[in-house]
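Values reported hereafter were calculated over all heavy atoms of this structure, with side chains retained and with hydrogens, waters and symmetry mates removed. The chain is numbered in sequence order, starting from 1.
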Amino acid sequence: HLQLVESGGGLMQPGGSLRLSCSASGFALDDYAIGWFRQAPGKEREGVSCISKNDGNTVYARSVKGRFTISRDNAQNTVYLQMNNLKPEDTAVYYCAVDGTGVCYMRASRYDYWGQGTQVTVSS
């Protein structure tokens, strides 16, 4: 009954922008912290960003700080990751996940539910 579906990925040239969406069904996202993670080929999954249940708290990986913005639209039960000034090193499968504690932790083991991911490829 709980489902997260990511969308918005694709191919983008360096310097471009994409907005990823994470749509939830079966539960209300505003009851959870929401994290974005990514995994590139041959690399471990890394935390990208998180927004806490109290939306005054957001967290960003150093590698994306100033370029990516996490936000939430509770009316649409959707969380977004706006990605600007994309770089080739941003290429990865991006996943959204929810943490029932409502507190942002940038460790994948903290998260309870995961989407299936959306591919982001940044190349010329």
Side-chain angles (χ1 to χ4, degrees):
H1 295 292
L2 301 177
Q3 186 175 12
L4 293 169
V5 179
E6 299 96 337
S7 62
L11 177 64
M12 182 59 63
Q13 65 189 39
S17 298
L18 288 171
R19 188 180 71 164
L20 305 184
S21 298
C22 175
S23 296
S25 60
F27 64 100
L29 282 177
D30 61 4
D31 290 332
Y32 301 88
I34 306 103
W36 284 98
F37 292 78
R38 66 187 183 187
Q39 189 164 22
K43 298 183 178 180
E44 65 184 8
R45 190 168 298 186
E46 64 173 338
V48 176
S49 185
C50 180
I51 184 166
S52 68
K53 180 179 179 180
N54 180 345
D55 64 5
N57 183 24
T58 58
V59 178
Y60 297 93
R62 188 172 298 172
S63 59
V64 306
K65 184 179 180 181
R67 299 189 296 121
F68 291 9
T69 303
I70 190 169
S71 63
R72 179 170 53 205
D73 185 340
N74 290 331
Q76 297 294 320
N77 210 24
T78 300
V79 65
Y80 302 97
L81 185 68
Q82 179 67 44
M83 306 187 297
N84 297 327
N85 192 24
L86 284 162
K87 302 177 179 180
E89 53 263 43
D90 296 320
T91 296
V93 177
Y94 284 71
Y95 302 88
C96 66
V98 297
D99 178 356
T101 71
V103 178
C104 279
Y105 298 97
M106 296 292 276
R107 297 182 178 90
S109 61
R110 292 278 187 171
Y111 290 79
D112 302 304
Y113 307 108
W114 293 80
Q116 295 300 306
T118 184
Q119 176 72 49
V120 172
T121 302
V122 184
S123 69
S124 59

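- Residues D90 and R67 are in side-chain contact: their nearest non-hydrogen atoms beyond the backbone lie under 4.5 Å apart.
- Cluster membership for Y105 and F68, using ILVMFWY side-chain heavy atoms within less than 4.5 angstrom, is not shared.
- The shortest non-hydrogen separation linking L86 to M12 is CD1-CG, 3.9 Å.
- Every salt bridge (charged side-chain N to carboxylate O under 4.0 Å, His left out) that E46 has, sequence neighbours left out, goes to R38.
- The side chain to side chain donor-acceptor pair (under 3.5 Å) search around D112 returns none, not counting sequence neighbours.
- At distances below 3.5 Å, at least one donor-acceptor pair connects side-chain atoms of T78 with backbone N or O atoms of Q76.
- Counting non-hydrogen atoms of other residues, nucleotides and ligands closer than 6.0 Å to CD of E89 gives a total above 12.
- The side-chain heavy atoms of Y111 and C50, taken from C-beta on, include a pair separated by under 4.5 Å.
- Each ring pair (Phe, Tyr, Trp, His ring centres under 6.0 Å) pair with one or both residues in residues 5-30, not counting sequence neighbours, appears once here: F27-Y32.
- Between C96 and E6 there is a side-chain heavy-atom pair separated by less than 4.5 Å.
- Taking R19 as the reference, nothing meets the salt bridge (charged side-chain N to carboxylate O under 4.0 Å, His left out) condition, with sequence neighbours excluded.
- Apart from M106 itself, the hydrophobic cluster it occupies contains V59, where clustering links Ile, Leu, Val, Met, Phe, Trp and Tyr at side-chain heavy-atom distances under 4.5 Å.
- For the pair S123 and P14, the minimum side-chain heavy-atom distance is 4.5 Å or more.
- Side-chain atoms of L81 and T69, non-hydrogen and from C-beta on, never get closer than 4.5 Å to each other.
- Looking at every heavy atom in both residues, A92 comes nearest to A40 through CB-N, 3.8 Å.
- Looking only at distances, no side-chain donor or acceptor of T91 sits under 3.5 Å from a matching main-chain atom of T121.
- Placement of L18 and V5 in two distinct hydrophobic clusters is found when ILVMFWY residues are connected by side-chain heavy-atom separations under 4.5 Å, directly or transitively.
- Q39 is not listed as a side-chain neighbour of Y94, based on a closest heavy-atom distance of 4.5 Å or more.
- The cationic group of R45 lies under 6.0 Å from the six-membered ring centre of Y95 and within 45° of the ring axis, placing it in a cation-pi geometry.
- Using a 4.5 Å cut-off on side-chain heavy atoms (C-beta onward), S25 and Q3 make contact.
- Ring pair F37/W114 is tilted by interplanar angle, where 30° to 60° counts as tilted.
- Using a 4.5 Å cut-off on side-chain heavy atoms (C-beta onward), Q82 and S17 make contact.
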Show the atom names and distances, to 0.1 Å, of all donor-acceptor pairs under 3.5 Å that link a side chain in residues 97-104 to residues at least two apart or in another chain.
| unit_1 | atom_1 | unit_2 | atom_2 | d |
| --- | --- | --- | --- | --- |
| D99 | OD1 | T101 | N | 3.0 |
| D99 | OD1 | T101 | OG1 | 3.0 |
| D99 | OD2 | T101 | OG1 | 3.1 |
| T101 | OG1 | V103 | N | 3.2 |

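- Y80 and L29 end up in different hydrophobic clusters when Ile, Leu, Val, Met, Phe, Trp and Tyr side chains are linked at under 4.5 Å.
- Taking both residues in full, the closest heavy atoms of A24 and L4 are given as CB-CD2, 3.8 Å, listed atom of the first, atom of the second, then distance.
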Check against side-chain contact (heavy atoms from CB on, under 4.5 Å), T118 and V93: CA-CA 5 Å; T118 184; V93 177; over 6 Å; no
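- W36 and I70 get closest at one heavy-atom pair: CD1-CD1, 3.6 Å.
- Rounded to the nearest 0.5 Å, atoms NZ (K53) and CD1 (I51) are 13.5 Å apart.
- The closest donor-acceptor contact from the side chain of R72 to the backbone of I34 lies at 3.5 Å or more, if one exists at all.
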